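Notes to accompany the following structure.
Order of the sequence lines sets the chain letters (A, B, ...), proteins ahead of strands, with each chain counted from 1. This is a predicted model, so every value here is computed, not measured.
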Number of protein chains: 2
Amino acid sequence: MSRSSKAKVDDLAEDLDELPPLTEELEGFLGYRLRRANAAMHRHFIAAVADLGITQKQAAMLWLINSNPGTAQVSAADALGMDRATTMAIVDRLDERGLLLRKQSSADRRRQELYLTPAGQNLLRKAKARVAKHEERFTSLFTASELKFLLEALRKLRDVT
Amino acid sequence: MSRSSKAKVDDLAEDLDELPPLTEELEGFLGYRLRRANAAMHRHFIAAVADLGITQKQAAMLWLINSNPGTAQVSAADALGMDRATTMAIVDRLDERGLLLRKQSSADRRRQELYLTPAGQNLLRKAKARVAKHEERFTSLFTASELKFLLEALRKLRDVT
DNA sequence: CCAATTAGTATGTGACACATACTATTCGTG
DNA sequence: CACGAATAGTATGTGTCACATACTAATTGG
C-alpha cells in the first residue's frame, strides 16, 4: 500500500480516479458514444496506413473501384453515401496521385468510368494488409455473435431515414 | 404479380433489387459500418438542431460546460477527446456567438474557466429537447438490453489504444 | 531558484460535407 | 420527333474539424 490505511473514505474516489467524468451526462447518448468510437477507430486507421498516405474514404473508394472496375463516379458516390461534389474531391485526389483513372463511358457519355491504375492496385494491396490488422485490433474485443449483432446494429443506425 | 411467373430465375436478383451492392466487400468491416452509422446519425443530428445552428461538437461543449461550470478549456478538451487547438476553435465560435464566456482562473491564471451565458443556457435548453427526440429515433431500434450492449461495445471501441 | 511542464493562443494545412451553379448528355412524354 | 426534365460531371465557395508547430505566460517540482 502506497498510502496509510488511515486514509479517509472521502479520499477514495480521488485515490482511485473515480471522480465522475465531465462527460457523465453525454455518455448516456448513443450519438456521443458513436462519435467517440468512430473517432478512435478513425485515428487508429490513419495511423495504420500512415506510410501510404490515404484516408478511410480514399481507401474505401480504391477498394470499391477495385471490386467494381468501371463504376461511374455517381454510382460510387451513392454506394459510399456521399454527394457528387465530395466524391469529386476524393476522386480528384486519387487521380492526381495516379492511383486511378477516369474513362468516359461509351454507353453514356456523361459518365466517367473509374479504374485503378497498377499503382492504385499496388497501394490497395498494401493497404489491405494493414487494414486487416487494424480491424482485428477492434473486432477481437468481441465474440463472433457479439460482432454479428454489432455490425447489424450499425447497419440499422445507418438506414434510419 | 406484376410479372409473368415464367420469368427466369436469373432475373430474380434484378427484379428484387438484390444485385450485390458495390460496397459488398466493405460491408464486412467494422470501421466502415461505424463510419456509415456515425455519418447517418450526424446528419440526423444536424437536421434536428438546424434552427439552432450548432454542431454535435458545439452541443457537446455547451452540455459539458452546463454540467460543469468553470471547467477549464484543457479539461473540456481531454473530456471530449480533442486537442487544445481544436477546442480553441470550438470555444471561439461559441464565444463569438455569446453562448459562453471565458474567465481567468484566480487559482491558476493560465486557465480560462468556461461558463454558459444566459443565451447559452437558453440555447442548450432548446437543444436538449431536440436531441432527446433525435436520440429516441435511433435508440428505439433496440431493446433495453441491446442498447446497453451497444453502448458498452462503443465504449470498448473508443478505449482501444 | 531554475528547468520542465502546462494552458492558452496563433497560424497553417488538409480532408470532408454541403450548397449552388453551370455544361453536356440522356431520358421521357406529349 | 422535339423539347423539357433529369442526370453526371465539374467548378467554386463556405464551414467544421483534426492536427502540427510555435510562441507566451504561468505554474510546478526537484
Side-chain angles (χ1 to χ4, degrees), chain A residues 32 35-36 38-47 49-50 52-62 70-97 99-114, chain B residues 32 35-36 38-47 49-50 52-62 70-97 99-114:
Chain A
Y32 177 75
R35 189 166 66 68
R36 294 298 301 269
N38 185 58
M41 214 165 163
H42 180 257
R43 266 191 288 266
H44 195 276
F45 182 98
I46 294 298
V49 298
L52 304 178
I54 54 171
T55 66
Q56 270 188 329
K57 299 239 118 140
Q58 291 169 10
M61 181 63 77
L62 293 176
T71 300
Q73 276 184 210
V74 69
S75 303
D78 288 347
L80 297 176
M82 307 185 296
D83 62 17
R84 274 170 301 153
T86 302
T87 305
M88 266 293 293
I90 291 171
V91 172
D92 275 351
R93 246 168 254 133
L94 297 172
D95 193 358
E96 283 160 15
R97 288 178 60 184
L99 300 175
L100 60 75
L101 54 87
R102 293 166 155 114
K103 181 172 170 293
Q104 192 180 51
S105 166
S106 55
D108 183 341
R109 280 172 298 168
R110 290 171 304 181
R111 287 176 167 249
Q112 296 282 352
E113 298 174 345
L114 302 175
Chain B
Y32 177 75
R35 189 167 66 66
R36 294 299 302 269
N38 184 57
M41 214 164 162
H42 180 258
R43 266 190 288 265
H44 195 275
F45 182 98
I46 295 296
V49 298
L52 303 178
I54 54 171
T55 64
Q56 270 188 328
K57 297 241 118 139
Q58 291 168 9
M61 181 63 77
L62 293 176
T71 300
Q73 276 184 211
V74 69
S75 304
D78 288 346
L80 297 176
M82 307 186 297
D83 62 17
R84 274 170 301 153
T86 302
T87 305
M88 267 293 292
I90 291 171
V91 172
D92 275 352
R93 245 169 256 131
L94 297 172
D95 193 358
E96 284 160 14
R97 288 179 60 183
L99 300 175
L100 59 76
L101 54 87
R102 293 166 155 115
K103 180 171 171 294
Q104 192 180 49
S105 165
S106 56
D108 183 341
R109 280 173 298 169
R110 291 171 304 179
R111 287 178 168 246
Q112 296 284 352
E113 298 174 347
L114 302 175

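Between Arg111(B) and Gln104(B), the closest side-chain pair of non-hydrogen atoms is not below 4.5 Å. Looking at Arg93(B) and Gln58(B), their side chains come closer than 4.5 Å, going by heavy atoms from C-beta outward. Arg110(A) has its side chain out of reach of Ser105(A): every pair of non-hydrogen atoms, C-beta onward, lies at least 4.5 Å apart. Using a 4.5 Å cut-off on side-chain heavy atoms (C-beta onward), Glu113(B) and Gln73(B) make no contact. Between Arg35(A) and Met41(B), every side-chain heavy-atom pair lies at or beyond the 4.5 Å cut-off.
Side-chain N or O atoms of Thr86(B) include none that pairs as donor or acceptor with a backbone N or O of Met82(B) at under 3.5 Å. A side-chain donor-acceptor contact under 3.5 Å links Thr87(B) to the backbone of Asp83(B).
For DNA chain D, the span of nucleotides reached by chain B at under 4.0 Å from its heavy atoms goes, 5' to 3', from dT16(D) to dT27(D).
At whole-Å resolution of the value, CZ in Arg110(A) and C1' in dC27(C) are 7 Å apart. Atom pair Asn38(A):CG and dA17(C):P shows a separation of 11 Å (rounding to whole Å applied). Rounded to whole Å, the distance from NZ on Lys57(A) to C1' on dG14(C) is 15 Å. Computed from coordinates, the Ile54(A) CD1 to dA15(C) P distance equals 12 Å when rounded to whole Å. What separates CD1 of Ile46(B) from P of dA17(C) is a distance of 13 Å, to the nearest Å.
Atom CG of Leu94(A) and atom CG of Leu62(A) lie 5.0 Å apart (nearest 0.5 Å). Separation of atoms CZ (Arg43(B)) and CG (Asn38(B)) is listed at 10.0 Å; rounding is to 0.5 Å.
Contact annotation: Thr55(A) reaches the phosphate of dC16(C) (side-chain N/O to OP1 or OP2, under 4.0 Å). In terms of phosphate contacts, Gln104(A) brings no side-chain nitrogen or oxygen within less than 4.0 Å of OP1 or OP2 of dT25(C). For the pair Arg84(A) and dC18(C), the criterion of a side-chain N or O lying under 4.0 Å from OP1 or OP2 is not met. Between Arg109(A) and the phosphate of dA24(C), there is no side-chain N or O to OP1/OP2 separation shorter than 4.0 Å.
Nearest-nucleotide assignment on DNA chain C puts the 5′-proximal partner with Met88(B), out of Met88(B) and Ala85(A). With DNA chain D read from its 5' end, the first of the two nearest nucleotides for Arg102(A) and Arg35(A) is the one closest to Arg102(A). Projected onto DNA chain C by closest heavy-atom contact, Gln112(B) and Ile90(A) fall at different nucleotides, the more 5' of which corresponds to Gln112(B).
Nearest heavy-atom pair across Leu100(A) and Asp95(A) is O-OD1, 3.5 Å. Between Phe45(B) and Ala59(B) the shortest heavy-atom distance is CZ-CB, 3.7 Å.
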- line: Taking Watson-Crick and G-U wobble contacts under 3.5 angstrom, with | marking pairs to another strand and [ ] crossing pairs, the secondary structure of DNA chain D is written ||||||||||||||||||||||||||||||
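Of the residues in residues 71-83 of chain A, Ala72(A), Gln73(A), Val74(A) come within less than 4.0 Å of DNA chain D through at least one heavy atom, sorted by number.
Counting any heavy atom pair closer than 4.0 Å across all strands shown, Ala89(A) reaches no nucleic acid atom.
Under the 4.0 Å criterion applied to side-chain N and carboxylate O atoms, Arg97(A) and Asp92(A) are not assigned as salt-bridge partners.
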